There are 2 protein chains.
Amino acid sequence: MATRTDALTRREQILKEAARLFAERGFHGVGVDEIGAAVGISGPGLYRHFAGKDAMLAELLVGISGQLLTGGKRRAAEAAGNPEAVLDSLVEGHIDFALDDRPLITLHDRELDRLRDSDRKLVRQLQRQYVELWVEVVREVYPDLAEPAARAAVHAVFGLLNSTPHMGRPGSLPGRAGTAALLHRMARGAFEAAAVSASA
Amino acid sequence: MATRTDALTRREQILKEAARLFAERGFHGVGVDEIGAAVGISGPGLYRHFAGKDAMLAELLVGISGQLLTGGKRRAAEAAGNPEAVLDSLVEGHIDFALDDRPLITLHDRELDRLRDSDRKLVRQLQRQYVELWVEVVREVYPDLAEPAARAAVHAVFGLLNSTPHMGRPGSLPGRAGTAALLHRMARGAFEAAAVSASA
DNA sequence: TCATCTTGTTAATGAGCGTTAACGTCCTGC
DNA sequence: GCAGGACGTTAACGCTCATTAACAAGATGA
């Protein structure tokens, strides 16, 4: 039994490879044999670890949404009382996630509809809570922003931050730190610009 | 034979419904019978109009990329000599597209991998040209922005503008005009913020 | 030493689905 | 008025693919 120190458990290996493959070719586009092959076992051996292909996707998506929400809440609590700092921390956390787990980010808004009703509802609820967390903070930093506009702005900034999978992999970028800084500035600039509607 | 005035040709009906269904449930997630049913004919009747399911997706994606590029070139030519105006016009055109053809925007960066090699290459080439068009204009407006950063910024703004499908359909938005204006301000604000790296 | 759990394997099953065949019908133009 | 194309229909084929069955082999522990 693989412990904490030596790499990943078989289950975790499978989830990681499945995430990569799902992100590359879509849930329906990848077969169980391929997922098995990616971890060195073949085909139906996966069923010793998961109830089915659907269960892998469900666990991935619920995990993503949960991680985002949990991390967001933690950051909000850490910088509580300082909305500017909370917003910066949320942006930073989301960027880390987008840069470090590109396949998961891709899955996150691409394969949600393939889930069983109950799982989909759960994921949507987690996503909604995450959005609301952002909306609240954004409205504290920019009080002039009405709630519908704030919500739209938050979705737009998510789109901005989640664009990392579309950027060519290696050399065309300013490096990880530079990309993170660029995205951070752009996100804050986008919110700032969204809020100037108060003057009109 | 349906002419320009009365609604859509059968082919166009099919493409429209196929786009909607592909966007909702993914290319592999929707069957030809469903597409047929959506236009009132059933299943294999589609093969009188298209060589196959793949051909529908190919025509949709090539069409999208082509429209975006053509429109972008036209706008660049119309406002030539005034980079600020060109950039605003590009942003406006992209927003119109994102708001009026949400299903197509969704397909655009979701199902590209399901194409035959030749079609995929064509679409990628059109997309690349479109990106380059933006990058050139952005670098004229913000000369301090290095090319890799400009390219990353363009992708990020595409992500921002293409976020419309994630916003709840009707009442939660500030209305079409308001949403368009909001997205426009945010896009410009994001570029502006991207460019302030020169001061650091 | 022997039951048992874990973790695999390969072969079979069965459903879903894209595609083709074979066959009608209506409209059009000579 | 009738040949032929445009446009549909239903039935059948064949392939892919998730899932299950049946079976094996190494570790564990009484």
Side-chain angles (χ1 to χ4, degrees), chain A residues 1-4 6-61 107 111 113-120, chain B residues 1-4 6-61 107 111 113-120:
Chain A
M1 181 185 303
T3 61
R4 191 65 43 80
D6 46 282
L8 290 77
T9 219
R10 185 38 58 101
R11 257 185 86 86
E12 293 167 329
Q13 276 185 58
I14 295 171
L15 282 176
K16 184 179 173 186
E17 293 303 310
R20 185 178 55 79
L21 290 168
F22 288 162
E24 279 175 8
R25 301 211 292 285
F27 178 68
H28 285 106
V30 48
V32 290
D33 289 351
E34 290 177 88
I35 303 174
V39 298
I41 72 182
S42 249
L46 297 170
Y47 286 74
R48 296 290 172 199
H49 304 276
F50 292 93
K53 199 180 156 194
D54 298 342
M56 300 179 206
L57 182 64
E59 189 157 331
L60 282 171
L61 292 185
L107 282 187
E111 307 283 2
D113 306 326
R114 276 53 149 188
L115 259 50
R116 303 202 336 265
D117 269 22
S118 64
D119 290 323
R120 187 171 52 247
Chain B
M1 178 185 304
T3 59
R4 191 65 43 79
D6 46 284
L8 290 76
T9 220
R10 184 40 58 100
R11 257 184 86 86
E12 292 166 331
Q13 276 184 57
I14 295 172
L15 282 176
K16 184 180 172 185
E17 294 302 310
R20 184 178 56 79
L21 290 168
F22 288 161
E24 280 174 9
R25 303 211 291 285
F27 178 68
H28 285 106
V30 48
V32 291
D33 288 351
E34 289 177 90
I35 303 174
V39 299
I41 73 181
S42 247
L46 297 170
Y47 286 74
R48 296 291 172 199
H49 303 277
F50 292 93
K53 199 181 157 193
D54 298 342
M56 300 180 207
L57 182 64
E59 189 157 331
L60 282 171
L61 292 186
L107 281 187
E111 306 286 0
D113 306 325
R114 276 53 148 188
L115 259 49
R116 303 201 335 264
D117 270 22
S118 64
D119 289 323
R120 187 170 53 248

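None of the values given here were measured: they were computed from a predicted structure. Naming: A, B, ... by sequence-line order, numbering from 1 per chain.
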Short side-chain to backbone donor-acceptor contact, B:E12 and B:T9, under 3.5 Å: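 Present.
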Audit row: B:I41, B:R48, side chain to side chain contact (heavy atoms under 4.5 Å, CB included) steps and yes/no: CA-CA 11 Å; B:I41 73 181; B:R48 296 291 172 199; over 6 Å; no
Protein-nucleotide distance (B:Q13, atom CD; D:dG8, atom C1'), rounded to Å: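 One finds 14 Å between C1' of D:dG8 and CD of B:Q13, rounded.
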Letter per nucleotide, 5' to 3', of nucleotides 6-24 of chain C [B base touched, S only sugar-phosphate touched, - untouched; heavy atoms, 4.0 Å]: -BBBBB------SBB-BB-
Contacts of type side-chain contact (heavy atoms from CB on, under 4.5 Å), residue A:K16, not counting sequence neighbours: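 side-chain contact (heavy atoms from CB on, under 4.5 Å) list for A:K16, sorted by chain: A:L8.
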Residue list, side-chain contact (heavy atoms from CB on, under 4.5 Å) with A:A55, at least two apart or on another chain: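 Expected list: A:A51.
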Salt bridge (charged side-chain N to carboxylate O under 4.0 Å, His left out) involving A:R20 - partner list, sequence neighbours excluded: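 So A:R20 forms a salt bridge (charged side-chain N to carboxylate O under 4.0 Å, His left out) with A:E17, A:E24.
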Salt bridge (charged side-chain N to carboxylate O under 4.0 Å, His left out) partners of B:R120, counting only residues at least two apart: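 With neighbours one apart ignored, the set is B:D117.
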Identify all pairs in which a protein N or O lies below 3.5 Å from an N or O of nucleotides 27-29 of chain C, and state each distance.
none

Student check: side-chain heavy atoms of B:R11 and B:E59 closer than 4.5 Å: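 Yes, at least one pair of side-chain atoms sits under 4.5 Å.
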Non-hydrogen side-chain atoms of B:F27 and B:L107 separated by less than 4.5 Å: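 Answer no - side chains too far apart.
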